[in-house]
Amino acid sequence: MAGLSEADLRAAILAQAARLRPGTTCCPSEIARALSVDWRPLMAPLRAEAFALAADGRLVVTQRGRVVGPDAAGPIRLGRPEAEAP
């Protein structure tokens, strides 16, 4: 996993979410690409950490504009919880 721990992935996800404008989302691959040239192996662990953060209420994971859980297949988007939006 390119020498990255779960804590590293969580920190990268939260940092990217903090940079998002309210109401916008990002693709997890944007975060993975920023972390490693060989980013594809990071996708599964990054998604797992994103869903863990969502379960803690620190992130929102959506698919086609709807909040989804860890059983979601296919592309997802990550965003800040609405409560954090100014």
Side-chain angles (χ1 to χ4, degrees):
M1 194 165 67
L4 298 168
S5 69
E6 292 173 351
D8 294 331
L9 294 177
R10 280 192 301 273
I13 293 166
L14 291 172
Q16 178 63 28
R19 289 190 290 270
L20 294 172
R21 290 185 323 272
T24 63
T25 61
C26 71
C27 180
S29 68
E30 293 174 40
I31 300 165
R33 289 170 202 250
L35 293 172
S36 177
V37 173
D38 186 19
W39 59 273
R40 290 184 190 276
L42 294 177
M43 289 302 294
L46 201 142
R47 281 176 68 111
E49 289 304 317
F51 284 115
L53 287 166
D56 290 343
R58 300 175 69 192
L59 191 72
V60 175
V61 180
T62 61
Q63 190 173 58
R64 295 184 202 101
R66 295 187 180 146
V67 174
V68 294
D71 59 338
I76 58 171
R77 304 285 296 178
L78 310 178
R80 297 188 307 187
E82 287 299 317
E84 289 185 14

Check: Shortest non-hydrogen contact from Pro45 to Pro41?
Finding: CD-O, 3.4 Å
Checklist line | Non-hydrogen side-chain atoms of Leu42 and Ile31 separated by less than 4.5 Å | finding: no
Notebook entry, point to check: Of all residues at least two apart in sequence or in a different chain, which pass the side-chain hydrogen bond (donor to acceptor under 3.5 Å, both in side chains) check with Thr62?
Noted result: none
Note to self: So, taking the atom named OG in Ser29 and the one named CG in Leu35, what distance separates them when rounded to the nearest 0.5 Å?
What the structure shows: 11.5 Å
Next item on the list: Determine the minimum heavy-atom distance between Val61 and Ala54, stating which atoms define it.
Entry: CG2-CB, 3.9 Å
Note to self: Under the side-chain hydrogen bond (donor to acceptor under 3.5 Å, both in side chains) definition, can you give me all pairs with a residue in residues 66-79, not counting sequence neighbours?
What the structure shows: Thr25-Arg77
Checklist line | Members sharing Met43's hydrophobic cluster (side chains within less than 4.5 Å) | finding: Trp39
Next item on the list: Just grab all the salt bridge (Lys or Arg N to Asp or Glu O under 4.0 Å) pairs involving residues 25-37, residues at least two apart or on different chains.
Entry: none
Item checked: Exercise: identify the closest heavy-atom pair between Gly3 and Asp8 -> O-OD2, 4.0 Å
Item checked: Distance-minimising heavy-atom pair for Phe51 and Val68 -> CE2-O, 3.8 Å
Notebook entry, point to check: Where do Pro81 and Gly57 come nearest, in terms of heavy atoms and distance?
Noted result: CG-O, 3.3 Å
Check: Any idea which heavy atoms bring Leu46 and Pro28 closest together, and the distance?
Finding: CD2-CB, 3.6 Å
Notebook entry, point to check: Mind checking what makes salt bridge (Lys or Arg N to Asp or Glu O under 4.0 Å) contact with Arg47, not counting sequence neighbours?
Noted result: none
Notebook entry, point to check: Considering only heavy atoms from C-beta outward, does the side chain of Leu78 approach that of Val60 to under 4.5 Å?
Noted result: no
Item checked: CD on Glu49 to CD1 on Ile13, rounded to 0.5 Å -> 6.0 Å
Note to self: For Ala7, give me all partners under side chain to side chain contact (heavy atoms under 4.5 Å, CB included), at least two apart in sequence or on another chain.
What the structure shows: Ser5, Arg10
Validation: residues 16-23 side-chain donor-acceptor distances under 3.5 Å, sequence neighbours left out:
| from | atom 1 | to | atom 2 | distance (Å) |
| --- | --- | --- | --- | --- |
| Gln16 | OE1 | Arg19 | NE | 3.4 |
| Gln16 | OE1 | Arg19 | NH2 | 2.9 |

